[in-house]
Number of protein chains: 2
Amino acid sequence: MASADQGNYDHVGLNSARARVRMKVPSVAERVAEELRYQLAEGFLVPGAKLTEATIAEDLGVSRNTVREAFAELAAERLLLRQPNKGVFVATLEAGDIHDVYTVRRAIEVSSIRAGGSPERIAAVRAAVEEGKRAAAADNNEGLGSANQHFHGAIVALAESNRLDTIMAQILAEMRLYFHKATMNAHFYSDWLKENEQICSALEAGELERAGDLLLAYLNRSEQQQTAIHGA
Amino acid sequence: MASADQGNYDHVGLNSARARVRMKVPSVAERVAEELRYQLAEGFLVPGAKLTEATIAEDLGVSRNTVREAFAELAAERLLLRQPNKGVFVATLEAGDIHDVYTVRRAIEVSSIRAGGSPERIAAVRAAVEEGKRAAAADNNEGLGSANQHFHGAIVALAESNRLDTIMAQILAEMRLYFHKATMNAHFYSDWLKENEQICSALEAGELERAGDLLLAYLNRSEQQQTAIHGA
DNA sequence: TTCGCTGGATTGTTCAACGATCCAGCAATC
DNA sequence: GATTGCTGGATCGTTGAACAATCCAGCGAA
């Protein structure tokens with residue numbers, strides 16, 4: 001759930017006078033959820049795969065109840081699908097889901113960029129663009145992917161809304177799951193690299209309408225492409 | 001989470017040849033969550049109140065683990081706040097939360113209405129407007145509140161996106177919790193009654209831009225009012 | 001007053017158990 | 001042969017109990 005502020009706290013740096021920061025010590029359930037999220041993002045767990053409570057519990061060395069709690073969290077994020085008395089499965093792309101996801105993105109990304117943002121937040125968008133350029137120069141496909149996600153996350157962050165940030169984080173997690181690296185070839189990336197640049201420039205120049213239009217066009221085209229690859 | 005399609009199923013209507021519909025038989029955890037949601041919406045549980053696992057478990061006659069699962073679900077919906085090793089509390093309005101909520105609403109409601117919708121969906125918006133009128137005529141304050149929620153829910157439903165619908169449902173649940181009936185006096189309602197009418201008319205006439213502008217103006221004003229009542 | 005300790009309460013997590021439900025396979029039937 | 005019905009095994013849903021970890025209020029000592 002990328003849920004709010006949960007997690008245990010533990011005093012660390014008992015020796016250091018300054019670093020008396022409260023560091024998170026996530027609960028076991030939280031760590032299980034994190035591990036599963038990781039495996040989902042990495043493509044270890046493919047859509048449709050069945051996750052048996054007992055198996056996961058044994059594999060991770062935790063109790064079945066704890067796994068259950070993690071499942072509930074991921075099901076709330078739409079990453080897992082719970083089918084009562086049958087089990088939990090990695091979410092699969094249903095008909096209309098692509099359009100659904102992009103509808104949400106259009107709503108929150110375009111609205112966020114049209115409202116502009118503080119210089120710091122705009123700088124974060126710029127940083128994501130540069131991150132993408134560096135990854136492209138280094139021919140780092142992996143890095144290109146995350147740079148793009150950072151870019152769109154930074155756009156939503158312009159609105160300074162925790163709730164929007166959470167929603168966007170979930171959507172991006174879904175996209176990592178569905179549109180896995182395999183489907184994201186380099187050709188795909190080079191397209192939007194310069195497009196991100198344009199959007200960012202428009203944003204920096206205060207041309208919010210134009211930035212929104214460009215972003216909207218990108219999202220529409222991206223939806224088309226994804227629809228072409230996967231089913232409707 | 002108003003989470004996806006969970007729940008047990010049970011064949012009912014064994015006698016009827018036609019009504020072989022699969023009816024939901026929610027799990028115990030789901031029913032507990034539903035009960036808590038109800039109590040939250042009704043103001044039985046006020047923001048900040050502490051919910052002790054053992055107490056709730058005993059009150060509802062279920063196991064502590066089951067309560068835990070319900071808590072997790074409501075925490076994912078931001079209705080409850082989990083503080084590790086301290087307990088779960090009914091969510092409270094923090095600084096910036098009002099702006100946060102309205103930012104989400106602006107994003108998804110305005111974007112939904114600007115995209116228009118099928119005649120059926122538009123008819124649903126109209127139905128919510130009429131529902132409000134009837135409630136006003138009957139001097140039914142309670143009914144006015146839900147009519148307004150139906151109205152805004154119907155606007156988001158224009159986009160035909162399950163995800164947006166879920167998000168909106170959660171936001172509305174939060175608003176029921178925070179801005180309880182007490183703060184929603186009749187004066188408040190009469191304002192937007194005609195406003196909803198205007199928005200709906202513009203929508204029906206295909207004047208989507210204008211409908212969006214009206215809706216946006218309403219949301220901005222509503223945010224101001226709420227901010228005036230509660231803190232920033 | 002401040003600090004540190006202690007005890008009680010609550011949460012986090014585990015474990016074992018049992019009924020309910022689903023599913024695949026097989027047998028009986030038409 | 002196709003349908004129906006049964007059966008056993010696997011898994012889920014839920015419970016109850018248990019114990020460690022953590023927090024908090026209260027109390028006493030410096």
Side-chain angles (χ1 to χ4, degrees), chain A residues 1 3-12 14 17 20 22-36 45 48-76 80-90, chain B residues 1 3-12 14 17 20 22-36 45 48-76 80-90:
Chain A
M1 159 191 41
S3 66
D5 12 3
Q6 301 188 17
N8 289 322
Y9 288 89
D10 190 22
H11 287 288
V12 222
L14 295 176
R20 197 71 64 83
R22 281 184 144 221
M23 271 193 73
K24 259 196 172 179
V25 174
S27 72
V28 176
E30 196 63 35
R31 269 177 316 196
V32 171
E34 197 53 47
E35 171 65 20
L36 291 177
L45 297 172
K50 168 164 191 186
L51 303 186
T52 305
E53 294 180 355
T55 307
I56 305 277
E58 198 172 9
D59 285 359
L60 301 182
V62 299
S63 129
R64 197 156 73 91
N65 285 356
T66 303
V67 172
R68 220 145 202 293
E69 208 164 315
F71 279 178
E73 189 168 327
L74 297 182
L80 298 183
L81 177 62
R82 232 171 167 169
Q83 290 190 299
N85 286 313
K86 297 175 72 175
V88 307
F89 303 82
V90 179
Chain B
M1 154 183 43
S3 62
D5 11 5
Q6 301 189 15
N8 288 322
Y9 287 91
D10 190 21
H11 286 288
V12 221
L14 294 174
R20 198 72 63 85
R22 282 185 143 222
M23 272 193 71
K24 259 196 171 179
V25 174
S27 72
V28 176
E30 197 61 38
R31 267 177 317 194
V32 171
E34 197 52 48
E35 170 65 21
L36 291 177
L45 297 172
K50 170 166 190 187
L51 303 185
T52 304
E53 294 180 355
T55 306
I56 305 279
E58 197 173 10
D59 286 359
L60 301 182
V62 299
S63 133
R64 197 155 73 89
N65 285 346
T66 303
V67 173
R68 221 145 204 294
E69 207 163 314
F71 279 178
E73 188 168 329
L74 297 183
L80 298 183
L81 177 62
R82 234 168 166 171
Q83 290 190 297
N85 286 311
K86 297 176 71 173
V88 307
F89 302 82
V90 180

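Proteins get letters first, then strands, A, B, ... in listed order; numbering begins at 1 in each. From a predicted model like this one, the values you see are computed outputs, not experimental measurements.
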Which heavy atom of [X] sits nearest to which heavy atom of [Y], and what is that distance?
X	Y	value
A/A70	A/V32	CB-CG1, 3.6 Å
B/E35	B/L60	CG-CD2, 4.2 Å
B/A29	B/E69	CB-CB, 4.1 Å

Just verifying a value: how many Å separate B/R68 CZ and A/R68 CZ, rounded to the nearest 0.5 Å? 13.5 Å

Closest listed nucleotide, where the reference is the side chain of [X] and the choices are [options]:
X	options	value
A/T66	C/dT13, D/dT14, D/dC23	C/dT13
A/N65	C/dT10, D/dT14, C/dT21	D/dT14
A/V28	D/dG13, D/dC23, C/dT14	C/dT14

Rounding to a whole Å, what distance do you find between [X]:[atom1] and [N]:[atom2]?
X	N	atom1	atom2	value
B/L80	C/dT11	CG	P	13 Å
A/N85	D/dT11	CG	P	14 Å
A/E73	C/dG12	CD	P	13 Å
B/E53	C/dG12	CD	C1'	8 Å
A/R82	D/dG13	CZ	C1'	9 Å
A/E30	C/dT11	CD	C1'	16 Å

Specify the residues of residues 56-63 of chain B, ordered by number, for which at least one heavy atom lies under 4.0 angstrom from an atom of DNA chain C. none

Any donor-acceptor pair under 3.5 Å from A/S63 side chain to A/N65 backbone: yes

For B/F71 and for A/K86, find the nucleotide of DNA chain C with the closest heavy atom, then tell me which residue's nucleotide is more 5'. B/F71

Could you check B/A54 against A/V67 and say which one's nearest nucleotide on DNA chain C is further toward the 5' end? B/A54

Would you call B/E73 and A/R82 a salt bridge, using N to O less than 4.0 angstrom? no

Check whether any side-chain N or O of B/R68 sits under 4.0 Å from OP1 or OP2 of C/dG12, and answer yes or no. yes

Do the side chains of A/L81 and A/V88 get nearer than 4.5 Å, heavy atoms only? no

Please evaluate the base of D/dG13 for a donor-acceptor partner in the side chain of A/R64 within a cut-off of under 3.5 Å? yes

